[in-house]
There are 2 protein chains.
Amino acid sequence: MNNDPRISAATKQRVQELAQQMNYQPNHLAAGLRKGKSKLLGVIVPFIDGRFFAAVIKGIELAASQAGFNIIICQSNEEVGHERQNIETLLSAQVEGVLVSLSRTTHDFAHFEKVQQRGIPLVFFDRILLGTEVNAVLLDDYAGGFLSTEHLIEQGCRRIGHFAGPQHLGIYKNRRQGYLDALQKHGLPALDNLIVYCNTMTVDTGRQAMQQLLRLPERPDAVFSSSDAAVAGALQVVEEHGLQVPEDVALTGFSNEMFTSLTKPMLTSVDQRCEQMGEAAVQLFLQLRQEKKGSATQHHVVLEPELRVRASSLRRG
Amino acid sequence: MNNDPRISAATKQRVQELAQQMNYQPNHLAAGLRKGKSKLLGVIVPFIDGRFFAAVIKGIELAASQAGFNIIICQSNEEVGHERQNIETLLSAQVEGVLVSLSRTTHDFAHFEKVQQRGIPLVFFDRILLGTEVNAVLLDDYAGGFLSTEHLIEQGCRRIGHFAGPQHLGIYKNRRQGYLDALQKHGLPALDNLIVYCNTMTVDTGRQAMQQLLRLPERPDAVFSSSDAAVAGALQVVEEHGLQVPEDVALTGFSNEMFTSLTKPMLTSVDQRCEQMGEAAVQLFLQLRQEKKGSATQHHVVLEPELRVRASSLRRG
DNA sequence: GTGAAAGCGCTAACAT
DNA sequence: ATGTTAGCGCTTTCAC
């Protein structure tokens, strides 16, 4: 009889002692079975290493444990198949909610409908399928792209290149759109050959992309990259060509990775507020759990990014 | 009746179909309750962001899911108090095993005895309390320190400094001992003022430590740092003093962080085989679960580190 | 105030 | 070859 206000303090005392003696340990699973609750929260990420998702998970774990939830983490390894299996795993673990960041290869929504059918709150974060109506916590990637590009324009850059990621993912599409709109706002032309589409955003693809841009008859005087790793590669290539950063080519990246302060010059980047994203996702889950009836409403939480200006883009001052 | 070999295929078929129709979902928790199993594996790490633990967890998740286990992750945030609470959480989640990397502030073993008393396999990884007999997966940090230092000696360095971490943690103590023994093997004196003890291993403490070493009447011609972040700070300071890396001061770090390939010059470092460590920890857990009776035996799995030589320590060739 | 009983969804052992 | 039953450890309800 758990903490019943009717019970006398004396009896409680006696029970407590006995329990201690017998080394008793409550079984939450059994409790959960009875109440139909598990206090388990499922999380699916494409991968867990890498700063972004690790930091988001840190935020999730923090907020979840405050609300008395434990988290179960699964990785999709960027494969839809895995993702589908993760869903099964989580459902049979009786999670009370699912937080997902989509794999790169996910193009349809079918496996998530099962979750919704069972009335389990489903919250997406960061990566979301375009054209679906879901509850989600997102970074305003558009603003990130816009801010970054406008900053470069303010620094006097006029031929600004862009490393774009896979366009079926909203995040990359929005970063690119922010870039385009900033150019337009300032009356600069958007030139197709200044945009390089990369499948993966690694140091190596950044190197290749930069080489491609430097081969142009008129080379760019700046690059806004959708990823920090790629811009780090670009930095290497620029210097290998005997050019200076930021004087000849100014650079900005995305994610505010730890290493952006370790390169020379340090890299300007967009901070994604990873931990807040994790916390916000949990908050949204808790909120959905309360409502539960009016599932018609669709919630979007949008976090504002912050431009961290460092030497790689600073031409004046 | 689950996959009973006695049942006819036809009936199975019929049941399957009906189940599908009713949208049936097995409840693992209930099954677990009955069988006294939860297929849950608890993991406690000091923190989850940062490459090392993220990568180990990746390894754990991989191996665990192959064995049909889900993992529950908790963070101690480097505080014993949290760690104690994490243990409670995991026990009441009915985990079948616990994998732990100790918090920096853990000095006693009491809260783990509870786990052992309940007969739940307990595996430590990377961070272990000195002087305790436990099952553990460890990196041979001693070998890492030795290899690193000997490499610097082979490069012609004679006054080799060391950034040492908190010595109550075996990992840092062993790295330092490897350093000392390598010096001795090659007939070099171990000078107290060349060892800087750092509480935390950050870029900033690395900067301070390097400043301290450069203030010495005879400055070192190399530094072996117990951390990559600290050696990145050291690199900055060396160059700020107008000295060259590796010509004037050669540098090596520890962890083989991603950014070691992004600095200029690139940083030599010791690879910790993070993912293997995670996998090995799960293997050890599975093994312990089989034995269960002869819990007297104590297992240690030791992984060998690998020196990744890069420009920051290469004086010849 | 306190104890007894029913049942959450499943599996194991037993009876048909 | 199939149906039935008794719990796993807890909470909730209801009777004492």
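Chain letters run A, B, ... following the sequence lines, proteins first and then strands; every chain starts at 1.
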Applying side chain to side chain contact (heavy atoms under 4.5 Å, CB included), can you list everything that pairs with A:L169, at least two apart in sequence or on another chain? A:R104, A:R127, A:I171, A:Y172

Who are the side chain to side chain contact (heavy atoms under 4.5 Å, CB included) partners of B:H168, not counting sequence neighbours? B:H107, B:P166

Is there a side-chain contact between B:T11 and the phosphate of D:dA1, meaning an N or O under 4.0 Å from OP1 or OP2? no

Using atom NZ of B:K37 as one end and atom P of C:dG9 as the other, report the distance to the nearest whole Å. 24 Å

Whole angstrom is fine here: how far is it from CZ in B:R34 over to C1' in D:dT5? 11 Å

Listed partners of B:E96 passing salt bridge (charged side-chain N to carboxylate O under 4.0 Å, His left out), at least two apart: B:R289

With sequence neighbours excluded, what pairs up with B:D141 under the salt bridge (charged side-chain N to carboxylate O under 4.0 Å, His left out) test? B:R175

Closest to side chain of [X], choosing from [options]:
{"X": "A:N27", "options": "D:dG9, C:dG9, D:dT2", "result": "D:dG9"}
{"X": "B:K35", "options": "C:dT2, C:dT11, C:dG9", "result": "C:dT11"}
{"X": "B:L33", "options": "C:dT11, D:dG9, D:dT2", "result": "D:dG9"}

Pair listing, side chain to side chain donor-acceptor pair (under 3.5 Å) test, anchored in residues 15-32 of chain A, at least two apart: A:N23-B:Q117

Could you list by number each residue of residues 17-26 of chain A showing a heavy-atom separation from DNA chain D of less than 4.0 Å, or answer none if no residue does? A:Y24, A:Q25, A:P26

Quick check: closest heavy atoms across B:A93 and B:I72, and the distance to 0.1 Å? CB-CD1, 4.1 Å

